[in-house]
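Structure record follows, encoded as structure tokens.
Order of the sequence lines fixes the chain letters, A, B, ..., with proteins taken first and strands second; residue numbering starts at 1 for each chain.
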Amino acid sequence: MSLDFSTSLAGRRFPNPIFTASGCAGSGKELSQFFDLTDLGAIVTKSIMIKPRSGRATPRMAETPSGMLNSIGLQGPGIDLFLENDIPWLRDQGARIIVSIAGETVEDYAVLARKLRHVSGISALEVNISCPNVENRGQVFACDPATAADAISTVRRNIGGELPIIAKLSPDVTDIVSIATSVVSAGADGLALINTLLGMVIDTSSMRPKLSQKTGGLSGPAIRPVAVRAIYQVHAALPKVPILGMGGVACGRDALELVLAGASAVSVGTATFGDPTASIRVKNELEVLCEQRGFNSFSDLVGYAHRAEDANEHE
Amino acid sequence: MAREGWAMINPKAEQITSEILSNKKVGSYNHMVFAVTDLAAHARPGNFVAIAVGGPASSMVLRRAFAIYRSSIRADGQGLLELVVAASGAGSTWLTSQKVGDTVDLIAPLGTSFGIPTEPVRSLLIGGGYGSAPLFALAETLKARGCRVDMVLGASTAAKIYAPLEGKRSVSSLTITTDDGSAGVQGRVSDVIPRIIKDNDVEIIYSCGPMAMLEAITKIADSFDVLHQCSVEESMACGIGVCMTCVLPVLQDDGTIRMTRTCIDGPVMDGSKVTWTTSREIPEGVWGK
Ligand SMILES: Cc1cc2nc3c(=O)[nH]c(=O)nc-3n(C[C@H](O)[C@H](O)[C@H](O)COP(=O)(O)OP(=O)(O)OC[C@H]3O[C@@H](n4cnc5c(N)ncnc54)[C@H](O)[C@@H]3O)c2cc1C
Ligand SMILES: Cc1cc2nc3c(=O)[nH]c(=O)nc-3n(C[C@H](O)[C@H](O)[C@H](O)COP(=O)(O)O)c2cc1C
Ligand code: FES
């Protein structure tokens, strides 16, 4: 019996459940030297803002045990050049595209959504709300249920009917389920879990923070248990809401762990820095693991770790 | 796996499992030879490799970048890449401790290479520490084009000067500087290069080494109105253009200064186009600040 490895996320079907993670795959061109982008379920683009952004000063990076800190600061060309260059190129490759957007104000999200609503060839929007809200003392949108919902409902209103929206949440919150519930009522069709965790490294030679911004986002295998926990909690509370899982996935086994917790698809981020073909390897390994466990359909594995203790084992 | 057509970023790059054929201590460095495919035929002076470190269960998740010291195809068709590696932190120390016969995951050739003039010119090559690594192959290429090649190598101390005997043959003069005076002239490369530029009527400078050295050379090159191609060294996480950690402010053809990835638009760059800064802030005037 051959495995149906396709997945459905926020009402769209993808031929397989392994995607790139936003900000970890460049424009797609850089990786296309190493594999065919259409071999992945989808390419998630780097979060794009309205205007060109220089990003933060270097050092922007520090390696940490089984992970790294980054403070890239959303460097990018701005939405207009992005739509002119990146999207047509990805479309020409035949890649399935999920566009990630980020804003500094609620109005930014509205503008971005309007710019994207008539663009063809996009499968979904990922809304990165782990950004400081300049109108609210720099408080991160994703850290408060009300502002998180504001950003998402604004996108919902401005995007029109068609395009599914996936709200990407920060794990740096007291109660991720309340944020998830809030953005789903605001119109999110799916959730992306998790963004990086805030961390800091101090250089003991210079005796000051290693990164120019002092703090940075922690990613890589070090955060995987946090991702598994967040996905598990949210899937338990909102079992019908599809989840795009990410956080420290470096092999098929890691991806399976997120799927069992409740992810319908999995993004591979930091692992790509250590191995350009990591996402393809994860995909192939996951497929084998699903088959080995005797499943006919990938979707049957989604959230499988939640079954009751006394439930019948899968045969 | 060079994919056809539009692929423009690192079109010759391959990811391979590579066996270590030799690993010898030379002064403060390890000279290491790796068995590779015929990718060795595509490597140009200035290109670099990105190596995964620490083995399969490593907690070091990022690649390490090393300049290609030499690339060649042996008589039996075996491709070879040679590197000069300084053990600094955990990853490079792991690499230098690998034995002959061990394998590593390696991606090469990556990045830009030194531009080679079509006419014979008078060139000056300047290396700081292991920054001399890519300069010997460059010297040979320039010599073969009929160029005059003078070389200056600097380091803190004699053991950190990497200058193999065979490398010296392709240069007209070699000047060594050390901070502690343990070899050559006591002082820095910037102390000796103005005189060499004047004496030899140098037309182009090629350099590789620490960023502060490259900045100092840029000032001198600009004051003499001499072209300056430098191989920069920013902290890199991926080496292939996907992480955006390795950026420098660089003047573009359209007149804007943009934070530019040194792994794909470098490491070799036009020194006069780089905004050198140590301030840990984005300089004024950078696109999108
Ligand atoms: C284009 C280029 C060419 C280089 N050529 C050589 C060479 O020929 N010989 C040589 O000995 N070294 C070379 N280096 C420097 C070498 O990459 C670093 O010494 C090495 O990455 C340090 O790794 P580590 O694990 O020892 O240190 P760690 O500090 O543990 O490294 C942690 C992380 O920071 C990055 N990093 C740390 N220092 C540097 C650095 N100086 N440059 C870039 N990334 C860094 C590493 O890649 C890694 O991702 C080169 C660097 C670049 C960018
Ligand atoms: C260098 C870097 C840049 C990132 N940029 C973005 C971004 O632009 N937008 C976003 O939503 N997430 C961004 N992320 C977060 C990742 O998409 C992902 O959520 C996180 O890194 C966890 O996955 P991983 O451990 O597989 O990397 C970035 C992560 C890294 C390491
Ligand atoms: S090192 Fe990753 S983009 Fe240059």
Side-chain angles (χ1 to χ4, degrees), chain A residues 20 23-36 46 49 51-68 70-78 89 92-93 208-214 219-222 248 250-251 269-277, chain B residues 1-3 5-15 50 52-54 56-64 89-91 105 107 110 234-249 256-264 277-283 285-289:
Chain A
T20 60
C24 301
S27 66
K29 282 194 185 108
E30 299 83 354
L31 291 178
S32 64
Q33 168 61 15
F34 299 98
F35 62 87
D36 190 336
K46 178 151 187 69
M49 304 188 75
K51 294 207 184 89
R53 288 261 294 196
S54 65
R56 306 296 192 190
T58 58
R60 288 177 168 186
M61 177 276 276
E63 195 180 41
T64 58
S66 297
M68 69 181 284
N70 89 82
S71 61
I72 308 301
L74 298 173
Q75 177 171 345
W89 185 86
D92 284 353
Q93 306 311 306
R208 60 178 180 174
K210 177 99 184 256
L211 302 182
S212 72
Q213 294 308 298
K214 300 187 174 75
S219 64
C251 64
T270 303
T272 300
F273 303 162
D275 178 1
T277 51
Chain B
M1 180 190 58
R3 293 165 49 76
W6 41 263
M8 302 206 344
I9 299 170
N10 292 317
K12 302 290 185 194
E14 283 180 53
Q15 180 179 14
V53 293
S58 176
S59 69
M60 293 182 275
V61 298
L62 305 175
R63 276 185 189 254
R64 269 55 176 173
D105 181 315
I107 305 174
L110 295 171
E234 260 295 338
S235 212
M236 291 185 180
C238 73
I240 57 163
V242 290
C243 74
M244 308 296 286
T245 64
C246 62
V247 296
L248 273 182
T256 59
I257 299 174
R258 300 194 188 190
M259 298 308 281
T260 304
R261 283 166 291 182
T262 61
C263 66
I264 56 173
T277 167
T278 48
S279 71
R280 289 160 68 100
E281 274 169 34
I282 301 279
V286 168
W287 194 64
K289 180 177 174 168

TODO: Check B:Q15 against A:D275 and note the closest heavy-atom contact, atom names and distance.
DONE: NE2-OD1, 2.9 Å

Task: From OG1 (A:T58) to CE (B:M259), nearest 0.5 Å - done: 6.0 Å

TODO: For each of A:A271, A:G67, A:P221, tally heavy-atom pairs with chain B at distances under 4.5 Å, and name the one with the top tally.
DONE: A:G67

Task: Contact origin within B:I107 toward chain A - heavy atom pairs under 4.5 Å - done: side chain

TODO: Please determine, among A:S66, A:P77, A:G26, the option with the most heavy-atom pairs under 4.5 Å with chain B.
DONE: A:S66

Task: Sequence-distant partners of B:R261, salt bridge (Lys or Arg N to Asp or Glu O under 4.0 Å), two or more places apart - done: A:E30

Task: Donor-acceptor contact below 3.5 Å, side chain A:Q75 vs main chain B:M244 - done: no

Task: Separation between CZ of A:R56 and NZ of B:K289, rounded to the nearest 0.5 Å - done: 11.0 Å

Open item on the list: I need the residue from A:L211, A:T270, A:D92 with the largest number of non-hydrogen atom pairs under 4.5 Å to chain B.
Closed with: A:L211

Open item on the list: Do the side chains of A:R60 and B:E234 get close enough for a salt bridge, i.e. N-O under 4.0 angstrom?
Closed with: no

Open item on the list: Can you tell me which of B:T277, B:V53, B:T245, B:I257 forms the most heavy-atom pairs within a distance under 4.5 Å of chain A?
Closed with: B:T245

Open item on the list: Between A:P65, A:G220, A:A25, who has the most heavy-atom pairs with chain B when the cutoff is under 4.5 Å?
Closed with: A:A25

Task: For B:A13 against A:F34, the heavy-atom pair lying closest together - done: CB-CZ, 4.3 Å

Task: Max heavy-atom pair count under 4.5 Å with chain A, selected residue of B:L248, B:L62, B:I240, B:V286 - done: B:L62

Task: Interatomic spacing from CD in A:Q33 to CD in B:E14 - rounded to 0.5 Å - done: 8.5 Å

Open item on the list: Taking the side chain as everything from C-beta on, heavy atoms only, tell me whether B:V61 gets closer than 4.5 Å to A:F273.
Closed with: no

- [ ] Side-chain contact test, heavy atoms from C-beta onward, threshold under 4.5 Å: evaluate it for B:C243 versus A:M61 and give yes or no.
- [x] no

Open item on the list: Which one wins on heavy-atom pair count under 4.5 Å against chain A: B:A237, B:S58, B:S235, B:A52?
Closed with: B:A237

Task: Sequence-distant partners of A:K51, salt bridge (Lys or Arg N to Asp or Glu O under 4.0 Å), two or more places apart - done: none

Open item on the list: Heavy-atom cut-off 4.5 Å, strictly under: side chain, backbone, both or neither for A:S27 against chain B?
Closed with: neither

